[in-house]
There are 2 protein chains.
Amino acid sequence: MTAQTLHVPSACGDCPIRHRAVCAHCDHDELLELEEIKYYRTFEAGQTIIWSGDMMSFVGSVVSGIATLTQTMEDGRTQMVGLLLPSDFVGRPGRDGAAYNVVATTDVVMCCFRKKPFEELMARTPHIAHRLLQMTLDELDAAREWMLVLGRKTAREKIASLLSIIARRDASVAAKGNAGPTTFDLPLTREAMADYLGLTLETVSRQISALKKDGVIQLEGKRHVTIPDMRRLMDEAGDDSDGGYLI
Amino acid sequence: MTAQTLHVPSACGDCPIRHRAVCAHCDHDELLELEEIKYYRTFEAGQTIIWSGDMMSFVGSVVSGIATLTQTMEDGRTQMVGLLLPSDFVGRPGRDGAAYNVVATTDVVMCCFRKKPFEELMARTPHIAHRLLQMTLDELDAAREWMLVLGRKTAREKIASLLSIIARRDASVAAKGNAGPTTFDLPLTREAMADYLGLTLETVSRQISALKKDGVIQLEGKRHVTIPDMRRLMDEAGDDSDGGYLI
DNA sequence: CGGAGAATTGACCTACCTCAAGATTAGTGG
DNA sequence: CCACTAATCTTGAGGTAGGTCAATTCTCCG
């Protein structure tokens, strides 16, 4: 609820995701065209950015903060199907209705492009189309990785998988199998973690407690996590020892 | 094991997936370029087309038959992460190693493109890149739909979901909420269904028996399925009544 | 006819869910 | 600064959906 003042970039040159988002490969002229059709919007933690089924007037990138993509059944069961971090793309060019709910987990700044002009720009700008293809392929891989987690891993492995994924990119882990401790803040509530993992929040809580008791993780408060030994956590996740992330 | 003679198209004009595969938007000249770098390969039912981790010398399209994309953990737990039907694309431009096992479920004909030349062609042929983006976005949607199935649905709902997906496209179902019976052959063994759904094959078998006893489906032999009332099946799948497939 | 893979069915077990009671933390207003 | 409330989280006790193990049965082919 705290309406903090969020940092909004003043121009693309200033933008923290300039080299990772859809615009990553754009040259100067292409950026100028993008500037034409873009605007920033901010959302408070907890706010719904897009409702499933709604018409989408924009697509865009997460500039800062974290948002979730969720699907819900009529009886209320919900499954998170994506975790949106800075530079991730929201919306599907070529489709008008949103297929998922997009909810801000923390305060979020979005860089929005008016949808129609963006689609036209994309049609004549291979740099953008190509980058979007790359990003979509990456997301597809992540989704498939997650299907293994959802379908075949135990609750304990699920938690360990989620923690190691968050740790891997949130804290800038040193390159290979760094043995030193890693530390980060959990951006998700227990309930959100449960929705991500196809568990109940009670089970999430129990497994976190168990991992803590076994020394796999340390907790400071409810949200601040320290991983003394990253390799140990990855073993618990059931991935092959190299992390399972082959290129 | 039957090494049947498979129909292999003699040229793109002849090809059954000409208007749905990566080449769908190509004009005549672009097709000629594709012909240069393409060749057909056939695989028998049960054969592994690609091993996870292997170098990939080609990418390509499934022309006929059905193949599966699977991920395996060290201890043998396996999860299917994709079902490849005619026109589906295999391989990831820009990556050398395969991330998944690709296995032929039936006899399969593949239209393969040598990887390097294909990547170069794609770089200067927006028609191909654009079509691949479309297809990848569709796959991502399918993967996310499947995450809901894996994470939140009951065994019975999982089976009903799988059956309704197969029914929807395998049998050419008449347009909207057709009440007439639909019939098709299951292209998957019980074990493959289990790997798709994150279940054991015993549970798959039990739930199919239950759906049969309750009149939701009818079986002739083990594989031939009749759906007397498609809407009923979709209710059992837990999707919203319109099928949940909004565009 | 015989053998092998595929499927079914039963009996039992366990990982996770459900329901419920407290504990902890953070936010609010006096 | 301190209650007061509402989230959020933890922990326990007991139930159940689906897993495991094992024995048949079915079906396809040689």
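Note that the structure is predicted; figures quoted are calculated from it, not measured. Below, read A as the first sequence line, B as the second, and so on, with proteins coming before strands; counting in each chain starts at 1.
- Pairs passing the ring-ring contact (aromatic ring centres under 6.0 Å, His included) check and including a residue from residues 45-83 of chain B, sequence neighbours excluded, do not occur.
- Across all strands, Arg156(A) comes closer than 4.0 Å to no nucleic acid atom at all (heavy-atom distances).
- Note on Gly198(A): only backbone sugar-phosphate atoms sit closer than 4.0 angstrom, heavy atoms only; bases stay farther off.
- Contacts of residues 200-208 of chain A with DNA chain C (heavy atom under 4.0 Å): Thr200(A), Glu202(A), Thr203(A), Arg206(A).
- For the atom pair Leu83(A) CG and Leu69(A) CG, the distance stands at 9.5 Å (nearest 0.5 Å).
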Scan the side chains in residues 98-105 of chain A for donor-acceptor partners under 3.5 Å anywhere in the protein, sequence neighbours excluded, and list what turns up.
unit_1    : atom_1 : unit_2    : atom_2 : d
Tyr100(A) : OH     : Asp141(B) : OD1    : 3.0
Asn101(A) : OD1    : Ser52(A)  : N      : 2.9

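- Here the C1' atom of nucleotide dT25(C) and the NE2 atom of His224(A) are 17 Å apart, to the nearest Å.
- OP1 or OP2 of dG5(C) has not a single side-chain nitrogen or oxygen of Arg190(B) nearer than 4.0 Å.
- Thr200(A) meets the side chain to side chain donor-acceptor pair (under 3.5 Å) test with Thr203(A); sequence neighbours excluded.
- Of the two residues contacting DNA chain C, namely Thr189(B) and Lys153(A), the nearest-nucleotide position lying further toward the 5' end is that of Thr189(B).
- For Thr106(B), the side chain to side chain contact (heavy atoms under 4.5 Å, CB included) partners two or more places apart in sequence, or in a different chain, are Ile66(B), Val108(B).
- Two end axes, each from the C1' atoms of five base pairs, can be drawn for the helix from dC1(C)-dG30(D) to dA21(C)-dT10(D); they diverge by 40°, to 10 degrees.
- In this structure, the side chain to side chain contact (heavy atoms under 4.5 Å, CB included) partners of Glu139(A), at least two apart in sequence or on a different chain, are Leu140(B), Arg144(B).
- Residues in residues 195-236 of chain A take part in these ring-ring contact (aromatic ring centres under 6.0 Å, His included) pairs, two or more places apart or across chains: Trp146(A)-Tyr196(A).
- Remark: C1' of dC9(D) and CD1 of Ile159(A) are 13 Å apart, rounded to the nearest angstrom.
- Spacing between atom NZ of Lys222(B) and atom P of dA6(C) amounts to 13 Å, rounded to whole angstrom units.
- The side chain to side chain donor-acceptor pair (under 3.5 Å) search around Glu202(B) returns none, not counting sequence neighbours.
- Distance CG (Leu219(A)) to C1' (dA23(C)): 16 Å, rounded to an integer number of Å.
- Sequence neighbours left out, the pairs with a member in residues 152-163 of chain A that pass side chain to side chain donor-acceptor pair (under 3.5 Å) are Arg152(A)-Asp195(B), Lys153(A)-Ser161(A), Lys153(A)-Asp239(A), Thr154(A)-Glu157(A), Arg156(A)-Asp214(A), Arg156(A)-Glu236(A), Glu157(A)-Arg77(B).
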So which protein nitrogen or oxygen atoms get under 3.5 Å of nucleotides 13-15 of chain C's nitrogens or oxygens?
none

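- For the atom pair Ile17(B) CD1 and Asp88(B) CG, the distance stands at 9.0 Å (nearest 0.5 Å).
- For Asp138(B), the salt bridge (Lys or Arg N to Asp or Glu O under 4.0 Å) partners two or more places apart in sequence, or in a different chain, are Arg92(A).
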